[in-house]
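Data block below; observations after.
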Amino acid sequence: MALRVYNTLSGSKEEFVPITPGKVGMYVCGVTVYDNCHIGHARANVVFDMIFRYLKASGYDVTYVRNYTDIDDKIINRANRDGVAYNEISERFIKEFDIDMARLMLQLPTHQPKATEHIGEIIALVEKLIEKGYAYQSDSDVFFRVDKFATYLKLSKRNLEDMQAGARIDVDERKEHPMDFALWKGAKPGEPYWESPWGNGRPGWHIECSAMSMKYLGETFDIHGGGKDLIFPHHENEIAQTEAATGKPFVKYWLHNGFVNINAEKMSKSLGNFFTIKEVLDRYDAEVLRFFLLSAHYRSPIDFSDQNLNEADQGIERIYKALAGIDERLAAGCPGAAAGEETAELEEKLGTLAARFAEAMDDDFNTALALGHLFDLVRSVNKALPMAGKELLERVKAEVAGIAKVLGVCDTVPAEFLKRMQERKSSALDISVAEIESLIEERAAARKAKDFKRSDEIRDLLLSKNIQILDSAQGTTWKAK
RNA sequence: GGCGGCGUGGCCAAGUGGUAAGGCAAAGGACUGCAAAUCCUUUAUUCCCCGGUUCAAAUCCGGGCGCCGCCUCCA
């Protein structure tokens with residue numbers, strides 16, 4: 001039972017063998033901080049958070065680095081538009097990013113470096129590339145010489161000729177080859193800049209990741225991740241720069257997550273069909289969103305829609321209801337505990353859960369299958385609950401907690417989660433709690449008087465307002481649907 | 001045009017050679033004054049289509065159709 005991961009570089013699943021036994025170095029491309037993040041960013045970050053958690057749970061000592069790209073054309077454009085300094089924009093959206101990630105229950109990476117705090121390392125790397133003949137200055141820009149790097153495009157598996165045939169970009173006369181890319185960009189008047197041997201300027205987009213990943217993880221490290229859209233050009237260029245400079249392999253395993261789609265089309269800024277994390281969290285619980293994102297394999301596209309989010313909501317509530325049932329029974333002292341067919345089934349499911357979970361996760365982080373196993377357990381729990389004893393229920397809780405910690409879902413106290421969902425749904429009702437409760441009292445009186453016509457009228461009236469009546473031996477409660 | 005991916009029940013989604021997980025939804029039953037929740041049962045002889053390989057294919061090979069992504073910044 002060993003972890004296998006899909007490596008974009010080889011195009012196949014490979015056994016995960018870290019460079020240094022017991023340790024993992026992982027770098028994930030963060031965001032360019034020029035605006036609020038959308039659900040696509042949420043997916044990438046949740047996915048790699050899950051991977052980070054699972055590697056740790058598997059016993060690895062993980063160094064996880066996720067950068068902030070805090071200097072870039074988009075940041076400058078936004079700053080000009082808003083009439084503020086570039087760093088006002090970057091600092092603001094770093095804060096917003098941190099808030100969003102915290103709401104999505106992400107664990108903090110080991111390091112979160114910023115490009116602007118590594119200008120020295122970037123300049124040194126560019127100088128080394130010039131020295132080795134892999135880069136050249138042209139005006140106040142520095143470009144990477146792609147045809148000098150023999151294995152260029154090995155990650156995206158293309159060739160230079162085809163790329164140029166399909167190229168839609170204007171040819172820059174200052175480049176030796178149309179595909180050469182910028183390592184350093186000279187500053188135009190009014191732009192932010194740092195001093196360099198090539199004049200005042202700023203780093204190109206790709207070089208920062210090479211400089212920062214090497215600084216924190218060494219010249220060769222285990223895992224580099226990001227969205228599929230970064231394969232070309234970003235990751236391809238990172239490989240070229242870094243391997244040209246060091247002469248060593250850059251990264252052992254390249255992992256890429258699939259897109260979030262809207263109506264089967266990629267969510268993106270340019271298409272304008274995106275939802276920000278903040279917008280979505282106004283309408284859905286963060287844990288529901290996380291659950292939704294983990295309900296498909298991380299490499300598959302996932303379709304964002306109200307229906308799919310509502311299904312995720314129903315699904316996670318099913319799990320929490322079972323867990324809440326366990327807590328209630330434990331609090332009541334497990335009356336009438338007895339072994340039977342049902343508890344035997346639960347024992348059996350429980351005994352294999354950890355192994356089935358590990359097997360799913362070891363197969364390229366198959367969270368969809370892992371969640372399936374959790375639902376499987378839930379069914380057995382519900383069945384056995386009326387007769388289950390304390391020891392068995394405590395074990396269920398412990399096993400589920402272990403899984404919840406890795407996935408970052410179902411990790412809340414069940415009663416609190418369900419209450420939170422109720423509050424969220426209740427706040428959307430167009431009827432006050434006082435009105436609901438008075439109607440319920442009236443219904444109780446009608447029921448007592450066997451006036452079922454009236455009691456049913458009240459129930460249907462409430463139902464029409466999305467309120468479900470729940471009768472039990474302890475009395476009547478209600479919930480928002 | 002080049003490269004890559006996908007097509008599994010009403011919907012979502014696992015499953016890469018051994019005879020279709022799981023969730024949502026729906027229907028019937030138990031429970032209930034009636035409901036809801038929960039439990040039980042049912043819902044793909046079949047995995048886009050057509051060929052082929054094999055004792056055996058959703059899974060491999062060939063062809064076709066459809067959808068998507070990358071090739072420009074993008075998670």
Side-chain angles (χ1 to χ4, degrees), chain A residues 8 11 13 28-32 34 37-48 72-74 77 153 156-159 161-170 179 205 225-234 236 256-261 264-271 274 291-292 295-297 299-303 305 307-316 318-319 321-322 325 342 356 360 363 366-379 382-386 447 450-453 455-456 459-460 462-463 467-473 476-479 481:
Chain A
T8 306
K13 280 186 203 169
V28 174
C29 289
V31 288
T32 300
Y34 73 102
C37 289
H38 58 62
I39 299 304
H41 299 108
R43 183 181 196 190
N45 283 286
V46 165
V47 160
F48 286 101
D72 169 90
D73 291 357
K74 285 181 177 164
N77 291 341
L153 304 179
S156 54
K157 298 166 182 63
R158 306 165 201 227
N159 63 69
E161 290 75 44
D162 291 341
M163 295 289 288
Q164 287 167 79
R168 284 170 280 166
I169 190 167
D170 292 337
M179 295 297 291
W205 174 34
K228 272 192 160 87
D229 45 2
L230 295 182
I231 295 171
F232 183 89
H234 187 53
E236 200 71 72
H256 293 97
N257 66 275
F259 298 129
V260 175
N261 289 164
E265 278 193 330
K266 179 187 171 184
M267 177 185 293
S268 76
K269 287 260 180 182
S270 42
L271 286 172
F274 63 91
F291 182 90
F292 165 70
S295 68
H297 186 92
R299 283 189 286 118
S300 309
I302 191 168
D303 219 54
S305 68
Q307 186 185 333
N308 289 165
L309 266 288
N310 286 328
E311 281 187 11
D313 183 340
Q314 290 303 117
I316 195 170
R318 176 178 166 82
I319 295 172
K321 279 175 195 163
E342 288 84 357
R356 284 182 292 145
D363 185 13
N366 193 337
T367 53
L369 182 58
L371 288 173
H373 293 326
L374 208 49
F375 278 113
D376 213 32
L377 182 79
V378 163
R379 190 145 37 90
N382 285 333
K383 219 188 284 189
L385 197 61
R447 290 181 75 205
K450 301 264 190 267
D451 182 1
F452 295 125
K453 183 168 172 287
S455 82
D456 289 354
R459 194 189 63 218
D460 293 342
L462 289 170
L463 204 53
I467 293 149
Q468 180 67 56
I469 290 288
L470 307 165
D471 291 333
S472 79
T476 299
T477 55
W478 60 276
K479 66 164 196 174
K481 278 185 91 176

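- Under 4.0 angstrom from either OP1 or OP2 of B:C12 there lies no side-chain N or O belonging to A:Q307.
- Here B:G22 is the nucleotide among B:A13, B:G2, B:G22 with the atom lying nearest to any side-chain atom of A:D376.
- For the pair A:K13 and A:D456, both in contact range of RNA chain B, the more 5′-proximal nearest nucleotide belongs to A:K13.
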Do A:L371 and A:F291 pass the side-chain contact (heavy atoms from CB on, under 4.5 Å) test, and can you show the C-alpha distance, the side-chain angles, and the key distance before you say yes or no?
CA-CA 9 Å; A:L371 288 173; A:F291 182 90; 3.9 Å; yes
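- A:N308 comes within 4.0 angstrom of sugar-phosphate atoms only, judged by non-hydrogen atoms across all strands, and of no base.
- For B:G33, the base is stacked against the aromatic ring of A:F452, per a cut-off of 5.5 Å between centres and 30° between planes.
- Not a single donor-acceptor pair under 3.5 Å links the side chain of A:H373 to the backbone N or O of A:A370.
- No hydrogens or angles were tested; on distance alone, a donor-acceptor pair under 3.5 Å links the side chain of A:R447 to the base of B:G33.
- Comparing atom distances between the A:H38 side chain and each of B:G22, B:C11, B:A75 picks out B:A75 as nearest.
- What separates NE2 of A:H234 from P of B:A75 is a distance of 9 Å, to the nearest Å.
- When the P atom of B:A13 is taken as reference, atom CZ of A:F291 falls 13 Å away, rounded to whole Å.
- Atom name C1', nucleotides B:C31 and B:G17: the rounded distance is 46 Å, in whole Å.
- Counting only heavy atoms from C-beta outward, the side chains of A:K450 and A:F452 approach each other to under 4.5 Å.
- Comparing the C1' positions of B:C6 and B:A13 gives a spacing of 14 Å, expressed to the nearest Å.
- As judged by a 4.0 angstrom heavy-atom cut-off over every strand, A:S300 is placed among residues touching the sugar-phosphate backbone only.
- Residue-level contact check: A:N366 touches the backbone only, with heavy atoms under 4.0 Å from sugar-phosphate atoms and none from bases.
- When both pairing distances are held under 3.5 Å, B:U46 makes no Watson-Crick or G-U pair with any nucleotide shown.
- Nucleotide B:C31 forms a pair with no other nucleotide shown, judged by Watson-Crick or G-U wobble geometry with both contacts under 3.5 Å.
- For the OP1/OP2 pair of B:G22 and a distance below 4.0 Å, the side-chain nitrogens and oxygens of A:R379 include at least one atom meeting the criterion.
- Across all strands shown, A:K450 has no heavy atoms under 4.0 Å from either base or sugar-phosphate atoms.
- Of the listed nucleotides (B:A36, B:C3, B:C12), B:C3 has the atom at the smallest distance from the side chain of A:K157.
- In this entry the distance linking CG of A:N159 with C1' of B:G1 reads 12 Å, nearest Å.
- For the P atoms, the distance from B:A27 to B:C67 is 34 Å, rounded to whole Å.
- Within the 4.5 Å cutoff, the side chain of A:M267 has no heavy atoms near those of the A:F259 side chain.
- For A:F259, whose side chain is taken as the heavy atoms from C-beta onward, the closest listed nucleotide among B:A36, B:A75, B:C71 is B:A75.
- Cation-pi geometry between A:K269 and A:F274 is met: under 6.0 angstrom from the ring centre, within 45 degrees of the axis.
- Look at CZ on A:F292: it is 9 Å from C1' on B:C12, rounded to the nearest Å.
- Of all nucleotides listed (B:C73, B:G23, B:A75), B:A75 comes nearest to the side chain of A:D229.
- OP1 or OP2 of B:C70 sits under 4.0 Å from a side-chain N or O of A:K266.
- Comparing A:G227 and A:S295 by the nucleotide of RNA chain B whose heavy atom lies nearest to each, the residue mapping closer to the 5' end is A:S295.
- Contact annotation for A:P233: backbone-only contact, meaning every heavy-atom pair under 4.0 Å involves sugar-phosphate atoms and none involves a base.
- One finds the CG atom of A:L463 at 5.0 Å from the NZ atom of A:K481 (value rounded to the nearest 0.5 Å).
- Checking B:A75, B:C70, B:C39 against every side-chain atom of A:V260, the shortest atom distance belongs to B:A75.
- Side-chain atoms of A:K383 lie closest to B:C39 of the nucleotides B:C73, B:C39, B:A35.
- Note: CG (A:N261) to C1' (B:C6) measures 11 Å, nearest angstrom.
- Using a 4.5 Å heavy-atom cutoff, the side chains of A:F292 and A:I316 are not in contact.
- Of the listed nucleotides (B:G33, B:A14, B:C71), B:C71 has the atom at the smallest distance from the side chain of A:R158.
- With C1' as the reference atom, B:C60 and B:U54 are 10 Å apart, rounded to whole Å.
- Between A:K228 atom NZ and B:C3 atom P there is a gap of 18 Å when expressed in whole angstrom units.
- Both distances falling under 3.5 Å, in either a Watson-Crick or a G-U wobble arrangement, place B:C70 opposite B:G2.
- The separation of B:G22 from B:U8, taken at their C1' atoms, amounts to 14 Å, rounded to a whole angstrom.
- Checked against B:G23, B:U38, B:A25, the side chain of A:K321 finds its nearest nucleotide in B:U38.
- When the side-chain nitrogen and oxygen atoms of A:N257 are compared with OP1 and OP2 of B:A75, none of them lie within a distance under 4.0 Å.
- For the P atoms, the distance linking B:C48 with B:U59 amounts to 8 Å, nearest Å.
- Searching all strands for a Watson-Crick or G-U wobble partner of B:U16 with both distances below 3.5 Å returns nothing.
- Nucleotide B:G4 holds its C1' atom 8 Å from the CD1 atom of A:I231, rounded to whole Å.
- Atom name C1', nucleotides B:C24 and B:G9: the rounded distance is 13 Å, in whole Å.
- When each of B:C70, B:G22, B:A75 is scored by its nearest atom to the side-chain atoms of A:F232, the top-ranked nucleotide is B:C70.
- Among the atoms of the strands shown, base atoms are found under 4.0 Å from some heavy atom of A:G258.
- Atoms CD and CG, on A:E265 and A:D303 in that order, are 10.0 Å from each other to the nearest 0.5 Å.
- Comparing B:G28 with B:U43, their P atoms sit 16 Å apart, to the nearest whole Å.
- Among the atoms of the strands shown, base atoms are found under 4.0 Å from some heavy atom of A:I469.
- Residue A:R43 is out of contact with every strand shown, counting any heavy-atom pair closer than 4.0 Å.
- The CD atom of A:E161 sits 5.0 Å away from atom CG of A:N159, with the distance rounded to the nearest 0.5 Å.
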